[in-house]
Amino acid sequence: MAETVVILGASEKPARYAYKAMQSLTSHGHQVLLVNPFKAKIEDQHCHDSVSSITEQIDTITLYVNPKRFQDHIDDVIASAPKRVIMNPGTEDDDAEKRLQEEGIEVLRACTLVMLATNQY
């Protein structure tokens, strides 16, 4: 089933996993919204400067930012009330995970790319 997915930490660099996730999520039919406060566009797609500027209902937020940088975004993520947050390798944080779960948000420590490739998304 297609979802609205936010990539927090979107990248324009093809070698980056965030970029690969954008490509893979799109090819799997998901609506992909990008968040990167330092970019206006990636691949002709608008970049939001924060999760709070997204008006669509979000199903999943997939993280591609380090845990320290995520602390700047966690309140916006909680306020957006996604169904789940995927902490990709390198983004895991026990305190953030606990806080998200306390707000009723499912947290997966997983790789978005692997989940898509193995039909576990």
Side-chain angles (χ1 to χ4, degrees):
M1 176 168 64
E3 292 189 351
T4 299
V5 183
V6 171
I7 297 177
L8 183 55
S11 175
E12 79 286 359
K13 298 176 182 173
R16 295 278 185 139
Y17 291 116
Y19 182 92
K20 293 173 191 227
M22 176 183 69
Q23 299 292 336
S24 187
L25 285 160
T26 301
S27 72
H28 280 82
H30 299 290
Q31 177 187 8
V32 179
L33 303 174
L34 308 176
V35 175
N36 183 324
F38 307 106
K39 303 290 176 190
K41 287 188 172 194
I42 294 175
E43 298 282 320
D44 292 325
Q45 186 172 339
H46 172 72
C47 271
H48 297 268
D49 61 352
S50 69
V51 175
S52 64
S53 69
I54 296 171
T55 57
E56 291 92 337
Q57 175 59 48
I58 300 167
D59 295 301
T60 299
I61 297 177
T62 184
L63 303 181
Y64 288 94
V65 293
N66 71 48
K68 282 187 178 184
R69 182 155 293 167
F70 181 58
Q71 291 307 312
D72 296 337
H73 298 275
I74 193 165
D75 291 332
D76 290 343
V77 168
I78 290 168
S80 72
K83 294 175 188 162
R84 70 178 173 177
V85 170
I86 299 173
M87 291 184 164
N88 287 279
T91 68
E92 305 94 337
D93 180 87
D94 293 338
D95 293 334
E97 181 175 7
K98 181 179 178 189
R99 189 159 170 224
L100 292 166
Q101 288 172 334
E102 287 171 350
E103 296 293 334
I105 300 168
E106 177 186 9
V107 178
L108 297 175
R109 290 183 180 218
C111 176
T112 298
L113 291 168
V114 171
M115 290 174 67
L116 289 163
T118 58
N119 296 316
Q120 297 179 57
Y121 192 86

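We use all heavy atoms of the structure for the numbers below, so side chains are in, but hydrogens, waters and symmetry mates are not. Numbering of residues begins at 1 and proceeds along the displayed sequence.
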Kindly list each side-chain donor-acceptor pair under 3.5 angstrom involving residues 6-14, sequence neighbours excluded, with atom names and distances?
unit_1	atom_1	unit_2	atom_2	d
Ser11	OG	Lys13	N	3.1
Glu12	OE2	Lys39	NZ	3.3

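The list of salt bridge (Lys or Arg N to Asp or Glu O under 4.0 Å) pairs with a residue in residues 16-38, not counting sequence neighbours, is empty. Applying the salt bridge (Lys or Arg N to Asp or Glu O under 4.0 Å) test to residues at least two apart or on different chains, none of the pairs has a partner in residues 110-121. Applying the salt bridge (Lys or Arg N to Asp or Glu O under 4.0 Å) definition to pairs two or more places apart or across chains, those involving residues 50-65 are Asp59-Lys83. Pairs engaging residues 67-82 under the side-chain hydrogen bond (donor to acceptor under 3.5 Å, both in side chains) rule: Asp75-Arg99 [sequence neighbours left out]. Sequence neighbours left out, the pairs with a member in residues 107-121 that pass salt bridge (Lys or Arg N to Asp or Glu O under 4.0 Å) are Asp94-Arg109, Glu97-Arg109.
A search for salt bridge (charged side-chain N to carboxylate O under 4.0 Å, His left out) contacts involving Lys41 returns nothing, not counting sequence neighbours. Listed by chain and number, the residues in a side chain to side chain donor-acceptor pair (under 3.5 Å) with Ser50 are Ser52 (sequence neighbours excluded). Not a single salt bridge (charged side-chain N to carboxylate O under 4.0 Å, His left out) links Asp49 to another residue, sequence neighbours left out. When the salt bridge (charged side-chain N to carboxylate O under 4.0 Å, His left out) test is applied to Asp95, no partner is found at least two apart in sequence or on another chain. Residues forming a salt bridge (charged side-chain N to carboxylate O under 4.0 Å, His left out) with Glu43 (at least two apart in sequence, or on another chain): none.
By the 4.5 Å side-chain criterion applied to Ile, Leu, Val, Met, Phe, Trp and Tyr, Val114 is assigned to no cluster and stands alone.
Within 6.0 Å of OH on Tyr17 lie no more than 12 heavy atoms contributed by other residues, nucleotides or ligands.
Of all the heavy atoms in Glu3 and His30, the pair that sits closest is N-ND1, 2.9 Å.
Two residues are said to be in side-chain contact when any heavy atoms from C-beta on lie closer than 4.5 Å; Asn36 and His48 fail this criterion.
For the residue pair Asn66 / Thr91, no side-chain donor-acceptor distance below 3.5 Å is found, with atom types taken as modelled.
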